[in-house]
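I have placed the structure first, in the form of structure tokens, so that the comments after it can refer back to it.
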Amino acid sequence: MEIASKYSPNATEDKWYKYWMDKGFFKSEPDEREPYTIVIPPPNVTGVLHMGHMLNNTIQDILIRRARMMGKNACWVPGTDHASIATEAKVVNRLKTQGIDKADLSRDEFLNHAWAWTEEHGGIILEQLKKLGASCDWDRTCFTLDEPRSKAVIDTFVTLYEKGLIYRGIRMVNWDPEALTAVSDEEVVYKEVHSKLYYLNYKIEGSEDEFVTIATTRPETILGDTAVCINPNDERFAHLRGKRVLVPLVNRSIPIIEDEYVDMEFGTGCLKITPAHDINDYEIGMRHNLESIDILNDNGTLSEKAELFVGKDRFVVREEIVPELEKAGNLLKVENYDNKVGCSERTGAVIEPKLSTQWFLKMSDMAKVALDAVMNDEVKFHPAKFKNVYRHWMENVKDWCISRQLYWGHRIPVFYLESGEFFVASTIEDAVEKAKTATGNSALTVADLTQEEDVLDTWASSWLWPMSVFDQNNEVDYYYPTNDLVTGHDIIFFWVARMIMAGYEFKGTFPFRNVYFTGMVRDKQGRKMSKQLGNSPDPLDLMATYGADGVRVGMLLCSPAGGDLLFDESLPEQGRNFANKIWNAFRLVKGWEINNSIEQPEYVKQAISWFDAKLDQTIEIVNDHFSKYRISDALMTVYTVFWQEFSSWYLEAIKPAYQQPLDGATYKATVEFFDKMLRLLHPFMPFLTEEIWQTLEDRKEGESIMVSDMPVAKPLNADLLDKFEIMKEAVGGIRTIRKEKNIPMKDALNLDVLGGENYAADFDAVLVKMANIREMTMVSEKTEGAVSFMARTNEYFVPMDGMIDVEAELEKLRKELAHQQGFLNGVMKKLSNERFVGSAPEAVVAKERQKQADAEAKIKTLTESIARLEK
RNA sequence: GGGCGAUUAGCUCAGUUGGUUUAGAGCACUUGGUUUACACCCAAGGGGUCGGGGGUUCGACUCCCUCAUCGCCCA
């Protein structure tokens with residue numbers, strides 16, 4: 001059979017993905033097996049695949065494929081998120097390019113555009129995930145805004161309201177003047193900006209030339225000032241107590257109040273108070289019963305209440321008010337000042353703290369339960385360091401503003417009578433019934449009720465995701481709680497924390513057992529990959545170039561849980577090279593001519609016994625890594641074993657001479673080993689392993705490596721493995737001599753071994769083959785005229801017919817002797833310390849004594865060899 | 001300003017409750033090798049006073065304190 005010398009992924013990937021889909025291997029139905037469930041972090045419905053998705057979904061696919069091969073009923077539920085504000089912003093922008101203003105559209109008209117956009121772009125990202133090999137049960141694809149999910153969201157709102165956990169109130173919220181909606185605290189990103197600090201003089205009422213000076217970065221807000229505040233402990237301003245000042249330009253009289261909030265060190269120690277436009281000022285205003293003057297319109301322009309600059313944008317006013325203040329003699333000085341400004345995560349607009357009527361969800365009780373669950377490891381975080389981050393947030397959690405002034409989302413199920421009285425119900429019909437009962441007016445109809453205009457925050461649907469994606473009657477008890485959640489640590493508060501809260505609140509138990517946090521994917525310079533920077537490669541291009549398996553391996557090779565991944569094209573390249581390495585090992589094995597009449601050589605028997613044990617050890621190590629969610633380490637283990645141990649040692653050891661046939665027993669054993677290696681690799685490299693597995697042996701229609709069993713380890717033969725390592729050292733020693741003496745590999749050498757009583761000959765035949773030894777002799781005395789080296793306590797001699805460079809040999813031996821003596825000194829220092837021998841565990845002391853014995857034996861051998869050469 | 005975390009080879013990272021490590025891996029690098037599965041390869045090799053200082057301990061990369069630098073989160 002002719003097999004190409006390079007693996008070509010493009011030809012095989014689509015073929016096997018289709019095969020898996022056709023055979024229904026991704027599907028899951030409840031049965032008697034133990035379930036293993038993952039729900040996908042739903043990407044934005046109109047989003048495109050980026051490197052973060054690649055990493056995240058590769059890890060999920062590895063976990064789900066492995067669970068499937070371990071006999072679990074593996075169910076990976078895919079889906080998308082309607083992403084309320086993000087999608088609405090995109091639709092608004094598109095309408096703008098068509099010359100349509102959102103404000104001119106009715107709610108229904110806008111929603112028609114939004115659905116059209118969703119149908120046009122929705123689900124592309126899921127198709128892209130298929131290229132990656134994602135083994136999701138696609139029949140289960142959910143959307144946060146589809147019927148069942150919407151029902152769950154609405155019912156949940158009603159339930160929470162009836163429990164008294166949802167309330168409506170006027171609060172200071174983060175207002176996005178561009179999207180014209182409130183956003184949650186988590187949707188505000190703080191950006192460092194260079195701004196200015198303005199020192200303004202406020203004239204003291206009733207005096208001619210007395211002033212107080214305040215410092216502010218926002219001079220335009222003075223028009224909404226309702227007080228000036230000083231710290232009661234600040235003696236500098238004791239004379240101001242009880243006085244009033246005049247707001248510059250408008251000459252409104254406001255009081256001087258005292259509050260310990262004021263930082264005496266900052267600015268001038270005097271603070272202007274604008275309760276309508278700053279959260280801290282708002283709180284101070286509440287404490288002191290101050291009036292609140294809202295000088296801003298929803299779009300960020302100044303309102304009538306400002307009296308001046310009405311209708312102009314706040315940033316324009318900031319420019320224009322300064323010369324006015326200067327003219328009026330109120331501007332003392334201006335300093336440069338760096339501060340952080342809150343911006344909308346979605347629109348980028350500078351957020352304005354604003355008083356408005358919103359719906360809130362009480363968090364404190366739910367947060368406590370969810371905090372405990374994580375702190376006592378009922379829900380485990382990987383890595384655990386995120387527990388601290390989580391705790392800090394949960395202990396300071398504030399009520400969740402769940403209303404948004406948008407169209408695209410779940411409309412809040414609150415229905416108002418004209419009187420303002422409202423009723424919360426899943427449907428308007430239920431609301432009518434409630435209204436009838438409450439008012440005693442049985443003539444009420446749906447026409448008398450108006451539904452709340454606001455929609456719910458997008459996370460109010462995502463937080464139900466692990467339960468809402470399952471059939472509530474037949475399935476949810478089987479699949480829920482899910483097993484593992486894989487997500488970026490950037491949404492630990494948005495999403496992870498809230499899912500945990502929802503899990504306990506509605507299901508009485510955690511939504512998932514483990515959370516695996518991935519890091520951010522960054523470029524070589526450490527910048528987060530983003531569309532704006534244009535520093536993110538297109539995942540589809542990458543997969544076309546390096547193969548999906550190559551990209552998967554590349555991403556995994558250096559991405560520990562929670563650690564950022566510095567992505568560079570050398571990574572998928574390495575993955576591609578590994579795929580090719582496996583491919584060529586396959587070529588080698590399939591290329592051998594098999595002859596069942598040949599006897600199995602001794603060196604092959606030895607190699608098989610060793611690699612059999614090596615595989616057991618590998619399986620155990622991989623299992624251990626997975627149990628700790630060290631997925632990169634698990635991959636690296638298989639990677640190294642395949643490349644170093646299987647290819648470079650095992651295959652080289654059993655390889656027959658050029659164009660010679662291989663015996664049947666060896667072929668059979670080798671194919672079995674290969675098969676096990678492939679199954680260990682399959683979760684990481686699904687396509688390549690399937691392609692090879694299908695050809696390695698005759699397979700029946702419908703068979704697949706993805707539904708085969710993960711190999712299980714036999715009890716470990718550690719002694720055997722150690723003996724092989726000694727043999728490797730000996731081969732290495734001989735290779736080094738060849739290099740130093742310039743002896744080509746094809747020239748056979750003789751080897752004398754001074755091994756002592758404990759010498760293990762188990763792998764001598766492999767040694768002879770791998771080092772190309774003509775004759776290997778066990779000797780009881782040092783060989784004269786030979787180059788020597790040691791492996792453990794064995795001494796090896798390669799006779800050189802007097803071609804020895806004595807000085808070079810001596811130098812080598814002395815260097816080794818010095819190292820051994822240094823090592824022994826360290827050991828002896830410990831052993832001669834009575835307190836060490838007395839207080840260290842016995843096993844530790846025994847180990848040190850063994851080290852001492854070995855080092856002493858080596859030193860004796862080296863000293864003798866040196867003495868002999870010095871003669 | 002508050003909190004969390006990091007700092008180990010040129011780069012990216014391991015080092016799993018302090019003791020098989022005078023520190024490991026992958027990549028990169030140097031040298032040698034190819035009619036023999038793979039140059040997307042093989043072999044050998046160099047390279048680190050574990051960020052600085054102090055402490056606890058018989059023993060510290062590992063625990064504590066402190067300083068420095070960086071990153072992230074929150075206000």
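Hydrogens, waters and symmetry mates play no part in the numbers below; they use all other heavy atoms, side chains included. Chain A is the first sequence line, chain B the second, and so forth, proteins listed ahead of strands; every chain is numbered from 1.
- Applying the Watson-Crick and G-U wobble criteria (two distances, each under 3.5 Å), B/U34 pairs with nothing in any strand.
- The aromatic ring centroids of A/H382 and A/Y629 lie less than 6.0 Å from each other.
- Aromatic ring centres of A/Y7 and A/F578 lie farther apart than the 6.0 Å criterion allows.
- Between the side chain of A/K581 and the base of B/C38 there is at least one donor-acceptor pair of N/O atoms closer than 3.5 Å.
- With A/Q852 as the fixed residue, the side-chain hydrogen bond (donor to acceptor under 3.5 Å, both in side chains) test singles out one of A/E856, A/Q850, A/R849: A/E856.
- The separation between A/W583 atom CH2 and B/C38 atom C1' is 12 Å, rounded to whole Å.
- Separation of the C1' atoms belonging to B/U8 and B/U62 is 12 Å when rounded to the nearest angstrom.
- Within 4.0 Å of A/W649, counting heavy atoms only, lies no atom of the nucleic acid at all.
- Going from atom NZ of A/K387 over to atom C1' of B/C73 covers 18 Å, rounded to whole Å.
- As judged by a 4.0 angstrom heavy-atom cut-off over every strand, A/E652 is placed among the base-contacting residues.
- Across all strands shown, A/K385 has heavy atoms under 4.0 Å from sugar-phosphate atoms exclusively, and none from any base.
- To the nearest 0.5 angstrom, A/Q821 atom CD is 10.5 Å from A/E816 atom CD.
- Between B/G15 and A/R630, a contact under 4.0 Å exists linking OP1 or OP2 to a side-chain N or O.
- The phosphate of B/G5 has OP1 or OP2 within less than 4.0 Å of a side-chain N or O from A/N388.
- Checking B/U12, B/C41, B/U20 against the side-chain heavy atoms of A/K851 singles out B/U20 as nearest.
- Going from the P atom of B/U69 to that of B/G10 covers 23 Å, rounded to whole Å.
- Where A/A585 and A/Y7 meet RNA chain B, the nucleotide closest to each residue was compared, and A/A585 sits on the side nearer the 5' end.
- Two residues are said to be in side-chain contact when any heavy atoms from C-beta on lie closer than 4.5 Å; A/E283 and A/Y261 fail this criterion.
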Checklist entry - salt bridge (Lys or Arg N to Asp or Glu O under 4.0 Å) between A/K728 and A/E645: does it pass, once the steps are laid out? => result CA-CA 11 Å; A/K728 279 180 172 174; A/E645 311 289 357; 2.6 Å; yes
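- Among the protein residues, A/S648 comes within range of the sugar-phosphate backbone only, with heavy atoms under 4.0 Å from sugar or phosphate atoms but none that close to a base.
- B/C4 atom C1' lies 16 Å from atom CH2 of A/W393, rounded to whole Å.
- Separation of the P atoms belonging to B/C61 and B/A9 is 15 Å when rounded to the nearest angstrom.
- The backbone N or O of A/R218 sits less than 3.5 Å from a side-chain atom of A/T216, completing a donor-acceptor pair.
- Base-pair partner of B/U56: not found among the strands shown (Watson-Crick or G-U wobble, both distances under 3.5 Å).
- Projected onto RNA chain B by closest heavy-atom contact, A/Q821 and A/N280 fall at different nucleotides, the more 5' of which corresponds to A/Q821.
- Not a single donor-acceptor contact under 3.5 angstrom links the side-chain atoms of A/K655 to the base of B/U36.
- Distances were taken from every side-chain heavy atom of A/K6 (C-beta onward) to each of B/C27, B/A39, B/U16; the shortest belongs to B/A39.
- Pairing for B/A9 is absent, with no Watson-Crick or G-U wobble pair whose two atom distances lie under 3.5 Å.
- Checked against the 6.0 Å centroid threshold, A/F381 and A/F386 do not count as a close aromatic pair.
- For B/A25 and B/A14, the P atoms lie 16 Å apart once the distance is rounded to whole Å.
- Regarding A/M636, its CE atom lies at a distance of 15 Å from the P atom of B/U12, rounded to whole Å.
- Closest to the A/F493 side chain, of the nucleotides B/C41, B/C38, B/C73, is B/C73.
- B/G48 makes up no base pair with any nucleotide shown, lacking Watson-Crick or G-U wobble contacts both under 3.5 Å.
- The P atoms of B/U16 and B/C64 are separated by 14 Å, rounded to the nearest whole Å.
- Rounded to whole Å, the distance from CZ on A/F578 to C1' on B/C40 is 13 Å.
- Atom-to-atom, CZ of A/R738 to C1' of B/G45 comes out at 18 Å; the value is rounded to the nearest Å.
- Among B/C73, B/G32, B/G26, the nucleotide with an atom closest to any side-chain atom of A/V389 is B/C73.
- B/C70 and B/G54 have their C1' atoms separated by 23 Å, with the value rounded to a whole Å.
- Residue-level contact check: A/R576 touches the bases, meaning some heavy atom is under 4.0 Å from a base atom.
- Using P as the reference atom, B/C4 and B/C65 are 11 Å apart when rounded to the nearest Å.
- Nucleotide B/C72 has B/G3 as its partner under the Watson-Crick or G-U criteria, with both atom distances under 3.5 Å.
- Summarising the geometry, the separation between CG on A/N584 and C1' on B/C42 is reported as 13 Å, rounded to the nearest angstrom.
- Checking B/C41, B/A14, B/A25 against every side-chain atom of A/D633, the shortest atom distance belongs to B/A14.
- Each of B/C42, B/C13, B/G19 was ranked by its minimum atom distance to the side chain of A/W643; first place goes to B/C42.
- If you take atom C1' in B/C38 and the same atom in B/U17, they sit 44 Å apart, rounded to whole Å.
- The closest side-chain donor-acceptor pair between A/Y546 and A/Q574, if any, does not fall under 3.5 angstrom.
- Using a 4.0 Å heavy-atom distance criterion, A/T736 is classed as a sugar-phosphate-only contact.
- Spacing between atom CD of A/E645 and atom C1' of B/A25 amounts to 13 Å, rounded to whole angstrom units.
- Set against B/U16, B/A43, B/G26, the side chain of A/K628 has B/U16 as its closest nucleotide.
- If you check B/U31, B/G26, B/C42 against the side chain of A/K739, the one that comes closest is B/U31.
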